[in-house]
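Report on the following structure.
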Amino acid sequence: MSKSSPPPSLSSQLSVSGHVDLSTFDSRATTGFDGKKKDAAEALAAIGEELGDLQEKLFAGGRAGTGDTKVLVVLQGMDTSGKGGIVRHVAGLVDPQGLSITSFKKPTPEELEHDFLWRIENALPEAGMIGIFDRSHYEDVLIGKVRHLADEKEIDRRYIAINDFERSFKASGGVIVKCFLHITADDQKERLVARLDDPTKHWKYNSADLDERALWDDYQDAYGVALERCSTGNAAWHVVPSGRKWYRNWAVATLLLEQLRALDLQWPEGDFDVDAEKARLAAM
């Protein structure tokens, strides 16, 4: 009897290549997950145990100077897609001392004096760290394109610069996990209404969100082009269905776990004689 093939990785199921039309993606799909919402919390906790162990090995290697590996998680998506939720529910599974979290806002005057990648390069994780970008260098080919802040020639240059930058990061020991958190306009409307109905969520609401929502179709087109142009062998894009928050959290945690597993991380060996150190300690 032949053995059955292992199930495909979630990364391979969610990664994209070629033409991307986001209207054909189901935001409420649960790709790769056989359970229901009630099963997700238990599944996420199980992921957390292994994720925490692997992250500690990664961190130890960086501290010991035995490896140059670092991991960057890039989160992109429309407002309310769940970037903050990922930071809380997925990043919260691991030791915070091994994390660096950066939320990119409107560029400062100093940042505008430099190339768009300058502030990104200054925020990259060091060896042994997991960095999380809440928005990223992709803002400069999204807002720049939709809001006509740069001409087409400059936007095209930025796609090329992004691919070169990500290739260089990988060559330096970096691993990139890029997640586009996919929701529909109806998903977003439902979440915005929920924020307005709940006074404890008003701090999350920004009237400017509606200005961006008015450009929904333009943003979907801009994201589609960015995913097409910048999903490469060095850093594939994953379209994560995010209409169901519980699935979104599980999926991003799983994508990160798969990448850490593939690194075959090991505990650094000590540069001392264990028996000799035990003998010294016993004599004290």
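Every heavy atom of this structure was used, including side-chain atoms; hydrogens, water molecules and symmetry mates were not. Computed from a predicted structure; not experimentally measured.
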Nearest-0.5 Å distance that lies between atom NE2 in His182 and atom CZ in Arg28: 11.5 Å
Any side-chain heavy atom of Phe165 sitting closer than 4.5 Å to one from Asn234? no
Looking at side-chain heavy atoms only, is the closest gap between Tyr247 and Lys36 below 4.5 Å? no
Does Leu10 reach the side chain of Glu258, with side-chain heavy atoms less than 4.5 Å apart? yes
Side chains of Thr232 and Asn163, donor plus acceptor under 3.5 Å: no
Any side-chain donor near an acceptor of the partner, Asp53 and Gln55, under 3.5 Å: no
Answer with yes or no whether the side chains of Thr184 and Asp186 bring together a donor and an acceptor at under 3.5 Å. no
Asp34 CG: over 12 foreign heavy atoms closer than 6.0 Å: no
Do the non-hydrogen side-chain atoms of Lys170 and Val175 ever get within less than 4.5 Å of each other? no
Rounded to the nearest 0.5 Å, the CZ atom of Arg191 sits from the CZ atom of Arg195 at a distance of 9.0 Å
Show me the donor-acceptor pairs within less than 3.5 Å that the side chains of residues 130-151 make with the rest of the protein, sequence neighbours left out.
residue, atom, partner, partner atom, Å
Arg135, NH2, Asp79, OD1, 2.7
Ser136, OG, Gln76, OE1, 2.7
Ser136, OG, Tyr138, N, 3.2
His137, NE2, Glu166, OE2, 3.0
Tyr138, OH, Glu166, OE1, 3.4
Tyr138, OH, Glu166, OE2, 2.8
Tyr138, OH, Lys178, NZ, 2.8
Glu139, OE2, Gln76, NE2, 2.8
Arg147, NE, Glu212, OE2, 3.4
Arg147, NH2, Glu212, OE2, 2.6
Asp151, OD1, Lys153, N, 3.2
Asp151, OD1, Glu154, N, 2.8

Between Leu72 and Pro125, what is the shortest heavy-atom contact and its length? CD1-CD, 4.1 Å
I'd like to know if the side chain of Ser231 reaches the main chain of Glu228, judged simply by a donor and an acceptor atom lying under 3.5 Å from each other, with no hydrogens or angles considered. no
Apply side chain to side chain contact (heavy atoms under 4.5 Å, CB included) to Val74 and Val177, showing your working. CA-CA 6 Å; Val74 173; Val177 185; over 6 Å; no
Please report the closest heavy-atom contact between Ile162 and Cys230, naming both atoms and the distance. CG2-SG, 4.0 Å
Please tell me whether Thr80 and Lys204 have a donor and an acceptor in their side chains that are separated by less than 3.5 angstrom. no
Identify the heavy atoms of Cys179 and Leu255 that sit nearest to each other, and give their distance. SG-CD1, 3.8 Å
Shortest non-hydrogen pair, Leu93 vs Ala253, comes out as CD1-CB, 4.3 Å
Does the salt bridge (Lys or Arg N to Asp or Glu O under 4.0 Å) test come out yes or no for Arg280 and Glu277, once each step is laid out? CA-CA 5 Å; Arg280 288 182 62 201; Glu277 294 302 306; 3.4 Å; yes
With a 4.5 Å cut-off on side-chain heavy atoms, are Val20 and Trp237 touching? no
So is Arg158 actually on top of Phe116's ring, under 6.0 Å and inside 45° of the axis? yes
Would a distance-only check, ignoring hydrogens and angles, find a side-chain to backbone donor-acceptor pair under 3.5 Å from Asp273 to Ala276? yes
Interatomic spacing from OG1 in Thr254 to CG in Leu44 - rounded to 0.5 Å: 8.0 Å
Are the side chains of Leu22 and Tyr223 in contact, using a 4.5 Å heavy-atom criterion? yes
Test item: Lys83 side-chain N/O and Gly77 main-chain N/O as donor-acceptor pair under 3.5 Å: yes
Working to the nearest 0.5 angstrom, can you tell me the gap between Ile155 CD1 and Glu152 CD? 6.5 Å
Write down the atom of Trp246, the atom of Thr30, and the distance for their closest heavy-atom approach. CH2-CG2, 3.8 Å
In Å, rounded to the nearest 0.5 Å, how long is the span from CZ of Phe59 to NZ of Lys57? 16.0 Å
Do Met129 and Leu260 belong together in a cluster built from hydrophobic side chains that touch within less than 4.5 Å? no
Could you tell me which non-hydrogen atom of Gln188 sits nearest to which non-hydrogen atom of Arg213, and how far apart they are? OE1-NH1, 2.9 Å
Atom pair CD1 (Ile120) and CD (Glu111), whose distance is rounded to the nearest 0.5 Å: 8.5 Å
I'd like to know if Tyr159 and Val16 are part of one continuous hydrophobic network [Ile/Leu/Val/Met/Phe/Trp/Tyr, side-chain heavy atoms within less than 4.5 Å]. yes
Transitive ILVMFWY side-chain link Val225 to Trp216, under 4.5 Å: yes
Is the CD atom of Gln97 crowded by more than 12 outside heavy atoms at less than 6.0 Å? yes
Are Phe104 and Val73 in one and the same hydrophobic cluster, where Ile, Leu, Val, Met, Phe, Trp and Tyr link if side-chain heavy atoms are under 4.5 Å apart? no
Same cluster or not: Leu124 versus Leu58, using hydrophobic residues (I, L, V, M, F, W, Y) connected whenever any side-chain heavy atoms lie under 4.5 Å apart? no
In sequence, state the C-alpha distance, the side-chain angles, and the governing distance for Tyr205 and Leu210, and then conclude on side chain to side chain contact (heavy atoms under 4.5 Å, CB included). CA-CA 10 Å; Tyr205 185 82; Leu210 297 188; 3.2 Å; yes
Heavy-atom check, side chain of Ile86 versus side chain of Leu181, under 4.5 Å: yes
Check whether the side chains of Ser11 and His238 place a donor and an acceptor atom closer than 3.5 Å, and report yes or no. yes
For the residue pair Leu227 and Phe180, establish whether any side-chain heavy-atom pair is separated by less than 4.5 Å. yes
